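Note that the structure is a prediction, hence the values are computed from the model and not measured. We're numbering straight along the sequence, starting at 1.
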Amino acid sequence: MKKIILFVLLFVQTMQDAQALHEEGRKCLSEGKIVQGRELTKRAMDIRKKLSGEENEDYITSLNNYAYTFALEKDFAKATELQEQVMAL
């Protein structure tokens, strides 16, 4: 029973970390710090994918925001590639 409780606590903490990274990434993007925002968004996205899988709404939101960072830098090929992944989910 203790292992289950510990697992749940770790899961919650990690999802909270992902949300904090996601929010900080959005803040950086709004301030024009694209590279820093992309890195934070990617970290949040990776955590969410690991914990919840690709079909999770939070993961899809992170993937969408990650794609947006490439569009901001006019790397439309990469942005489009990632948006196609978003649409497939």
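Side-chain contact between Asp17 and Arg43 is absent, with no heavy atoms from C-beta onward closer than 4.5 Å. You'll find the side chain of His22 reaches within 4.5 Å of the side chain of Arg48, heavy atoms only. Put simply, the side chain of Glu81 reaches to within 4.5 Å of the side chain of Lys78, judged on heavy atoms. With a 4.5 Å cut-off on side-chain heavy atoms, Lys42 and Thr69 do not count as touching.
The distance from the CG atom of Leu63 to the CG atom of Asp46 is 10.5 Å, given to the nearest 0.5 Å. Taken from CD in Glu24 to OG1 in Thr41, the straight-line distance is 10.0 Å, to the nearest 0.5 Å. Within the model, atoms CD of Glu57 and OG of Ser62 stand 11.0 Å from one another, a figure rounded to the nearest 0.5 Å.
Residue pairs meeting the ring pair (Phe, Tyr, Trp, His ring centres under 6.0 Å) criterion with at least one partner in residues 48-68, sequence neighbours excluded, are Tyr66-Phe70.
More than 12 heavy atoms of other residues, nucleotides or ligands lie within 6.0 Å of CD in Glu31, so this atom counts as buried by the packing criterion.
The heavy-atom pair separating Leu29 from Arg38 by the smallest distance is CD2-N, 4.4 Å. Residues Ala44 and Ala18 come closest through the heavy atom pair CB-O, 3.3 Å.
Under the 4.5 Å side-chain heavy-atom criterion for ILVMFWY residues, a single connected hydrophobic cluster contains both Met15 and Leu40. Placement of Met45 and Leu51 in two distinct hydrophobic clusters is found when ILVMFWY residues are connected by side-chain heavy-atom separations under 4.5 Å, directly or transitively. Under the 4.5 Å side-chain contact rule for hydrophobic residues, Leu89 and Leu82 share a cluster.
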